[in-house]
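What follows is one structure encoded as structure tokens, with my remarks underneath.
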Amino acid sequence: MNLNLKEQLFTELRKKEDRMIEIRRYLHEHPELSFYETETAKYIVDFYKNKDLDVTVESHINGENGVIVTIDSGKPGKTLAIRADFDALPIEEATDLPFASKNEGVMHACGHDAHTAYMLVLAETLAEMKDQLHGKIKVFHQPAEETPPGGAIGMIKAGCLEGVDNVAGIHVMSNFPFGKVFYREGEVQTARSFFKLTIKGKGGHGSSPHEANDAIVAGSYFVTMLQTVISRRINPFDMGVVTIGSFDAKGQFNIIKDQVVLEGDVRSMSAEARKVIDGEIKKVCEGVEAAFSVKCELDYTTDYPVLYNDPAFTRQAAEILKNTKLDRVESVEITAPIPPSEDFSYFAEKVPSTFIYVGAEVEDKAVYPHHHPKFDINEKSLLICAEVMGSIVVDYLNEE
């Protein structure tokens with residue numbers, strides 16, 4: 001299992017742990033929103049170009065901020081792509097960290113700064129050791145994971161997966177125990193759709209409802225009926241969630257509204273459930289139109305698919321990790337499905353892939369979930385990420 005080579009890799013990574021943390025903190029201080037990560041992309045490119053590394057660096061993939069680094073061993077073998085995202089979120093940070101965001105209203109509240117930091121140092125180290133490997137490594141520094149249509153799809157359209165046999169990714173998890181690594185075969189994260197519904201009726205005075213056509217009543221009926229889509233239209237052994245996150249109907253207390261706007265979020269764990277939910281929501285709109293003589297204008301978007309971990313490749317990765325001594329890892333375990341969506345799923349649709357989860361729960365202070373203004377991670381997890389991904393790379397490429 002390439003023990004000597006992995007130990008050599010681990011030794012180098014441990015020497016560089018402080019630099020990983022330093023990079024993470026710099027990126028945390030300078031977050032950028034999806035599709036606007038120009039300075040972050042430049043930082044990534046400069047990291048490679050400012051070093052004596054024999055690698056190929058491609059930037060501005062598909063006109064966006066993606067960066068691809070190819071590490072070619074010069075020997076025949078497979079090609080493994082490893083991916084890290086680097087965009088931030090439109091959140092005002094409230095952590096009081098000494099390296100808190102300097103960009104007002106923007107925060108690394110999901111750990112993408114950690115993904116980029118560990119990946120940069122890991123890629124540098126693998127490049128330094130490439131003569132001992134076989135095949136190729138393609139490092140995907142991906143922008144815009146957080147915002148549809150997502151950065152992965154643009155990189156795929158630009159041809160990043162040409163010649164790639166498998167793709168591996170890691171996500172740090174603030175609410176998973178530090179020292180544990182998690183995996184799951186098959187469906188692991190939900191597909192996502194979202195919609196905006198404008199209901200147009202006829203306004204009037206509250207004292208004369210018979211002369212108006214109340215859009216609020218129609219909208220309320222829509223919200224109520226929507227709940228039956230999950231409870232009565234999808235297989236009870238499958239899962240789905242429909243959430244109305246916005247109901248814009250502000251007006252005067254005695255005026256009947258002529259128009260309301262609702263926005264909703266849809267999650268599902270299979271292509272079949274997604275198809276049913278999407279179709280049923282459209283049917284509910286048609287029913288509201290007929291029942292209340294209103295006009296429903298539905299803007300419906302399906303984006304990230306279900307994240308499907310290829311069973312064979314995922315088992316291979318899990319066995320590699322279980323058979324590797326990782327000092328800070330207590331266990332490698334199967335995780336339950338994870339509700340949020342993830343645009344790594346686009347890679348997994350095209351090429352057998354696996355997405356691994358590294359516990360990053362902070363010590364001795366409150367734990368906050370991803371996308372929270374007080375989100376933080378245990379920085380010791382960066383080295384775990386590097387060693388986990390490095391182990392997969394070494395054993396995969398040098399498989400006997």
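Numbers for residues simply follow the sequence, beginning at 1.
With hydrogens and angles ignored, the 3.5 Å screen pairs a side-chain donor or acceptor of Asn398 with a backbone N or O of Gln132. Side chain of Ser174 to main chain of Tyr368: a donor-acceptor pair is present (N/O by atom type, distance under 3.5 Å, no hydrogens or angles). Remark: the backbone N or O of Met225 is paired with a side-chain donor or acceptor of Thr228 at under 3.5 angstrom. With Glu37 contributing its side chain and Ala144 its backbone, the two residues share a donor-acceptor pair below 3.5 Å. A side-chain donor-acceptor contact under 3.5 Å links Asn213 to the backbone of Ser293. Listed for the Glu32 side chain is a donor-acceptor partner under 3.5 Å among the backbone atoms of Glu39. Checked by atom type and distance alone, the side chain of Ser381 never pairs as donor or acceptor with a backbone atom of Ile377 at under 3.5 Å. Side chain of Glu342 to main chain of Phe344: a donor-acceptor pair is present (N/O by atom type, distance under 3.5 Å, no hydrogens or angles). Distance alone, capped at 3.5 Å, places no donor-acceptor pair between the Asp85 side chain and the Gln142 backbone. Between the side chain of His171 and the main chain of Phe355, no donor-acceptor pair closer than 3.5 Å is present.
Within the 4.5 Å cutoff, the side chain of Val388 has heavy atoms near those of the Leu326 side chain.
By the 6.0 Å contact criterion, CZ on Phe99 is enclosed, its count of non-hydrogen atoms from other residues, nucleotides or ligands being greater than 12. Residue Lys322 places its NZ atom among more than 12 non-hydrogen atoms of other residues, nucleotides or ligands, all under 6.0 Å distant. By the neighbour-count criterion of 12 heavy atoms within 6.0 Å, atom NZ of Lys257 is densely surrounded, having more than that number from other residues, nucleotides or ligands. For Lys157, the NZ atom sits in a loose shell: 12 or fewer heavy atoms of surrounding residues, nucleotides or ligands are nearer than 6.0 Å. Around atom CZ of Phe35, more than 12 heavy atoms belonging to other residues, nucleotides or ligands sit under 6.0 Å away. The environment of CD in Glu363 is crowded: more than 12 heavy-atom neighbours from other residues, nucleotides or ligands sit within 6.0 Å.
For the residue pair Asn103 / His30, no side-chain donor-acceptor distance below 3.5 Å is found, with atom types taken as modelled. A donor atom on one side chain and an acceptor atom on the other are found under 3.5 Å apart for Tyr396 and Asn166. Checking Tyr48 against His141 by side-chain atom types alone, a donor-acceptor pair falls below 3.5 Å. There is a side-chain donor-acceptor pair under 3.5 Å between Lys16 and Thr125. If you check the side chains of Glu333 and Ser331, you find a donor sitting under 3.5 Å from an acceptor. In summary, the side chains of Tyr357 and Gln189 do present a donor paired with an acceptor at a separation below 3.5 Å, with no hydrogens or angles considered.
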Determine whether Lys130 and Asp54 satisfy the following criterion, salt bridge (Lys or Arg N to Asp or Glu O under 4.0 Å), listing intermediate values before the conclusion.
CA-CA 9 Å; Lys130 68 185 181 69; Asp54 183 16; 3.7 Å; yes
Would you sort out whether Arg14 and Glu387 count as a salt bridge (Lys or Arg N to Asp or Glu O under 4.0 Å), showing the intermediate values?
CA-CA 9 Å; Arg14 289 163 191 164; Glu387 291 185 347; 2.9 Å; yes
Please step through side-chain contact (heavy atoms from CB on, under 4.5 Å) for the pair Thr116 and Ile23, ending with a clear verdict.
CA-CA 8 Å; Thr116 302; Ile23 292 170; 5.7 Å; no
Trace of the salt bridge (Lys or Arg N to Asp or Glu O under 4.0 Å) decision for Glu280 with Arg233
CA-CA 8 Å; Glu280 290 297 322; Arg233 290 293 177 265; 3.5 Å; yes
Check step by step if side-chain contact (heavy atoms from CB on, under 4.5 Å) holds for Leu9 and Thr11.
CA-CA 5 Å; Leu9 173 65; Thr11 297; over 6 Å; no
Could you walk me through whether Phe182 and Val332 pass side-chain contact (heavy atoms from CB on, under 4.5 Å), step by step?
CA-CA 6 Å; Phe182 298 87; Val332 178; over 6 Å; no
Leu197 vs Cys285, side-chain contact (heavy atoms from CB on, under 4.5 Å): CA-CA, chis, key distance, verdict:
CA-CA 9 Å; Leu197 173 64; Cys285 288; 3.9 Å; yes
Verdict with supporting geometry, Asp46 and Lys42, salt bridge (Lys or Arg N to Asp or Glu O under 4.0 Å)
CA-CA 6 Å; Asp46 287 346; Lys42 183 178 182 299; 3.0 Å; yes
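Two rings, from Tyr26 and Tyr43, have their centers less than 6.0 Å apart.
With respect to Glu17 and Arg328, a salt bridge is recorded, a charged nitrogen being found less than 4.0 Å from a carboxylate O. One finds a salt bridge joining Asp265 and Arg267 here, because a Lys/Arg side-chain nitrogen approaches an Asp/Glu carboxylate oxygen to under 4.0 Å. Contact check on Glu12 versus Lys15 returns a salt bridge, with a Lys/Arg side-chain nitrogen under 4.0 Å from an Asp/Glu carboxylate oxygen. A salt bridge links Arg25 to Glu379: at least one charged side-chain nitrogen sits closer than 4.0 Å to a carboxylate oxygen. Classification of Lys6 and Asp395 as a salt-bridged pair holds, one side-chain N sitting under 4.0 Å from a carboxylate O.
By the 30° and 60° cut-offs, the orientation of the rings of Phe375 relative to His370 is tilted. The aromatic rings of Tyr300 and Phe195 lie parallel to each other, their planes meeting at an angle below 30°, with 60° marking the opposite boundary.
In this structure, CZ on Phe47 lies 5.0 Å from CG on Leu120, to the nearest 0.5 angstrom. Between atom CG of residue Leu397 and atom OG1 of residue Thr79 there is a gap of 8.0 Å, rounded to the nearest 0.5 Å. Atom CG in Asp376 sits 13.0 Å away from atom NE2 in His108 (nearest 0.5 Å). Atom CD of Glu124 and atom NZ of Lys51 lie 5.0 Å apart (nearest 0.5 Å). Atom CD of Glu349 is separated from atom CG of Leu307 by 10.0 Å, given to the nearest 0.5 angstrom. Here the OG atom belonging to Ser34 is positioned 9.0 Å from the CG atom belonging to Asp343, to the nearest 0.5 angstrom.
Minimum heavy-atom separation, Thr95 to Pro373: CG2-O, 3.5 Å. Of all non-hydrogen atoms in Ser341 and Tyr304, the two that sit nearest each other are CB-CD1, 4.2 Å. Across all non-hydrogen atoms, the minimal contact from Leu89 to Cys110 is CD1-CB, 4.1 Å. Heavy atoms only, all atoms of each residue included: Leu27 and Ala117 are closest at CD1-N, 4.3 Å. Residues Arg184 and Thr314 come closest through the heavy atom pair O-CG2, 3.7 Å. Nearest heavy-atom pair across Arg192 and Pro148 is NH2-CG, 2.9 Å.
With Glu297 as the partner, the salt bridge (charged side-chain N to carboxylate O under 4.0 Å, His left out) test is satisfied by one option alone out of Lys200, Lys196, Lys282: Lys200. Of the listed residues (Leu97, Asp96, Ile91), just one forms a side chain to side chain contact (heavy atoms under 4.5 Å, CB included) with Glu93, and that residue is Leu97.
Taking the ring axis of Phe140 as reference, the NZ or CZ atom of Lys138 does not stay both within 45° of it and closer than 6.0 Å to the ring centre.
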